[in-house]
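Report on one structure; see the data block that follows.
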Amino acid sequence: MIRTEELHSCNGTLKSRSGQKQTENYTLKNGYHKNEKVQKNGNGFHQPRVRGEDSFEEAPMYVAVLTYMGYGIVILFGYFRDFLRAVGLEKCHQAQEREEQKDFVPLYQDFENFYKRNLYMRVRDNWNRPICSLPGPVFDLMERVSDDYNWTFRLTGRTIENVINMGSYNYLGFAENNVDFLKTVAEKTRQYGVGVCSTRQELGNFSIHEELEQLVADFLGVESAMAFGMGFATNSMNIPALVGKGCLILSDELNHTSLILGARLSGATIRVFKHNNMQSLEKLLKEAICSGQPRTHRSWKKILIMVEGIYSMEGSLVRLPEIIALKKKYKAYLYLDEAHSIGAVGPTGRGVTEHFGVDPKEIDVLMGTFTKSFGATGGYIAGKKELVDYLRCHSHSAVYATAMSPPVVEQIIRAIKCIMGVDGTTEGQRRVRQLAENTRYFRSRLKEMGFIIYGNKDSPVIPLLLYQPGKVGAFSRAMLKRKIGVVVVGFPATTITEARARFCVSAAHTRDMLNKVLQSLDELGDYIRVKFSRHRRPYRPELYNATNFGLDS
């Protein structure tokens, strides 16, 4: 049997895990490891917590039938309208190829073009709405209308003010314009300017960049960290530096596009396991070790498991203790994307490692972004010093990308210091607790109203299932009329039967804001018939008068 005890790195950074102590036995049931045992990190801030199951309630059968019927009717009328356009009975608004270009290779696949022309255009007004204020808990929108059925838009000059923002990833409310909070950011702008105009390896390595990286490493409890100017590129440009030809990537089926792109650019073999299913992952690990590489059957140079902390479309949490157990058992490596979880979960906001009581040093590559909980931009890779030093020399994002803007770096520093409490205040921890309270409250009320929502009870990402295509646009437009901004998502970003609205709860949301949103959802859910849950619980207002809503001690 071919094994990968040695796991020689194809780039010399990640070393063998042979000889490491094995974890306790785990019992498999329904694809998940039970009887979890977690370790406590010597730093003292990691405490074991009860994870809670992810909720993925299935809709009644009639909902699926009506959803397919809805898409069928829309597609049927789409082909009929295409026929009318072809014979000149209906005006075609889209850009068309000239007659002499008819024999060229088409720029788009036929169905992609058809879908955009006949389905997406009907609801295009629900996306790309222009914002003209700070994207905090409330914002202002520029009103726009279309005179040609959403092919083009024109601004009316009016502003829709004080719209409750339920779509931004402003989890801790650091997207703010408080003069006192942003004083240091203004000072750094005056000192360094706005742009660096050089890469870190040339003339763009400032002391403030090194201060940020040391602070991130201390915050996460690891040896070293490196910051990058773009969150998406942190994944897509660094994964190719870690794995390559002869390596195997095991990727969760719901991983973000940046992870998928990075895996494809690496040239490594990619295999996908079912979302959060440990049986599926372990089966792939066994096959990889027993069979090795295709044709040659040589052992894989490296096996890398890629997962996310919080999955942005499902609101589910990674099953981190079980994955770490499998990683150790089969001598693989783990790449954890904490874009949505860092700052948003854990008693002190340190992400899923703290939430599960796991030592962050047990994760080979810790990735996260500053674009959400920290109210800034960019991302980081953290872990062992050897790993980070290698990326400084070999990562395309590190070698070719311009260094982060100093005011942005200072914004991240002041947010992390606030969360850690080193700024001398308890404001950061208050925000972490407030986010947890708001999340629990909002999720519980939605369930009691009869909506089907996905995800974990501790996840501030809350997908509300709408299913039917006609209700996606109607839901978003009706919420905007009530001055509530929401994000609606449908095919191809989700499966064809699971269109949804995605709510992102923030610590900056007040209880009055959440109650207004919940009241509007209650009314609208009855009006357009999207309360599909069969597990509705009776609503008791007296349960929600307390300020601390169901938090674990």
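Just so you know, these numbers use all the heavy atoms, side chains as well, and skip hydrogens, waters and symmetry mates.
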Run Leu320 and Leu334 through side-chain contact (heavy atoms from CB on, under 4.5 Å) and show every step you take.
CA-CA 10 Å; Leu320 190 59; Leu334 178 58; 4.1 Å; yes

Between Arg502 and Gly167, is there a donor-acceptor pair closer than 3.5 Å when you use the side chain of the first and the backbone of the second?
no

Does Glu253 use its side chain to pair, donor to acceptor, with the backbone of Val272 at less than 3.5 Å?
no

Is the closest side-chain heavy-atom distance between Asn235 and Phe228 below 4.5 Å?
no

Is there a donor-acceptor pair under 3.5 Å between the side chain of Lys384 and the backbone N or O of Glu223?
no

Taking NZ, NE, NH1 and NH2 as the nitrogens, is one of them in Arg440 or Asp458 under 4.0 Å from a carboxylate oxygen of the other?
yes

Tyr380 vs Leu212 side-chain heavy atoms within contact, under 4.5 Å:
no

Verdict with supporting geometry, Phe442 and Val517, side-chain contact (heavy atoms from CB on, under 4.5 Å)
CA-CA 9 Å; Phe442 198 75; Val517 175; 3.9 Å; yes

Can we say Glu282 and Lys329 salt-bridge, meaning some charged N sits less than 4.0 Å from an Asp/Glu carboxylate O?
yes

Straight-line distance of Ile323 CD1 to Met278 CE, nearest 0.5 Å
4.0 Å

Go through the steps to decide whether Arg350 and Met420 satisfy the test side-chain contact (heavy atoms from CB on, under 4.5 Å), and finish with yes or no.
CA-CA 9 Å; Arg350 285 173 168 85; Met420 296 175 69; 3.8 Å; yes

Polar side-chain atom of Ser316 near backbone of Tyr311 as donor-acceptor pair, under 3.5 Å:
no

Correct closest heavy-atom pair for Ser459 and Ile310 would be OG-CG2, 3.6 Å

Could you tell me whether a side-chain N or O of Gln429 sits under 3.5 Å from a main-chain N or O of Ile419, the two making a donor and an acceptor?
yes

Check whether NZ of the Lys or CZ of the Arg Arg500 lies under 6.0 Å from the centre of the six-membered ring of Tyr454 and within 45 degrees of that ring's axis.
no

Check whether any side-chain heavy atom of Met313 lies under 4.5 Å from a side-chain heavy atom of Leu254, and answer yes or no.
no

Starting at CZ of Phe451, measure out to CG of Leu524 and round the result to the nearest 0.5 Å.
7.0 Å

Within the side chain of Arg431, is there an N or O that forms a donor-acceptor pair under 3.5 Å with the backbone of Gly173?
yes

Mind listing the closest non-hydrogen atom pair of Leu248 and Ala288 along with its distance?
CD2-CB, 3.3 Å

Quick check for you: to the nearest 0.5 Å, what is the distance between Ile453 atom CD1 and Glu314 atom CD?
13.0 Å

Just how far is it from atom CD1 of Ile342 to atom CE of Met367, taken to the nearest 0.5 Å?
11.0 Å

Looking at every non-hydrogen atom in both residues, tell me the closest pair between Ser224 and Arg392 and how far apart they are.
OG-NH2, 4.2 Å

Can a donor-acceptor pair be found, under 3.5 Å and without considering hydrogens, that links the side chain of Asn255 to the backbone of Met306?
yes

So Leu259 and Ser251, do their side chains get closer than 4.5 Å, heavy atoms only?
no

Does any non-hydrogen side-chain atom of His340 lie less than 4.5 Å from one of Val345?
no

Side chains of Asp252 and Glu308: closer than 4.5 Å at any heavy-atom pair?
no

Name the one of Tyr467, Tyr115, Tyr120 that satisfies ring-ring contact (aromatic ring centres under 6.0 Å, His included) with Phe491?
Tyr115

Determine the minimum heavy-atom distance between Trp300 and Gly246, stating which atoms define it.
CE3-O, 3.4 Å

With a 4.0 Å cut-off, would you call Lys327 and Glu362 a salt bridge?
no

Any heavy-atom pair between the side chains of Tyr333 and Leu242 that's under 4.5 Å?
no

I need the Leu518 CG to Glu448 CD distance, nearest 0.5 Å.
10.0 Å

Hey, can you tell me if Phe370 and Phe374 have their rings parallel, tilted or perpendicular (30° and 60° cut-offs)?
perpendicular

Do you know the tightest heavy-atom contact between Ala227 and Glu213?
N-OE2, 3.1 Å

Answer yes when Lys447 and Glu57 have at least one side-chain N-carboxylate O distance shorter than 4.0 Å, and no when they do not.
no

Would you say Lys457's side chain and Arg443's backbone share a donor-acceptor pair under 3.5 angstrom?
no

When you measure from the side chain of Trp127 to the backbone of Val488, do you find a donor-acceptor pair of N or O atoms at a distance under 3.5 Å?
yes

Any side-chain heavy atom of Pro460 within less than 4.5 Å of one from Leu435?
yes

Does Arg430 CZ have over 12 foreign heavy atoms under 6.0 Å away?
yes

Look at atom CZ of Arg529 and say whether more than 12 heavy atoms of other residues, nucleotides or ligands are closer to it than 6.0 Å.
no

Start with the C-alpha distance between Thr234 and Thr369, add both sets of side-chain angles, then the distance that settles side-chain contact (heavy atoms from CB on, under 4.5 Å), and finish with yes or no.
CA-CA 8 Å; Thr234 305; Thr369 63; 5.6 Å; no

Please test Asn170 against Asn165 for side chain to side chain donor-acceptor pair (under 3.5 Å), starting from the C-alpha separation and ending with a verdict.
CA-CA 9 Å; Asn170 186 26; Asn165 182 4; over 6 Å; no

Minimum heavy-atom separation for Glu354 to Gly349, with atom names?
OE1-N, 3.4 Å

Taking Asn438 for its side chain and Ser506 for its backbone only, find out whether a donor-acceptor pair lies under 3.5 Å.
yes

Nearest 0.5 Å, please: how far is CZ in Arg319 from CG in Leu326?
11.5 Å

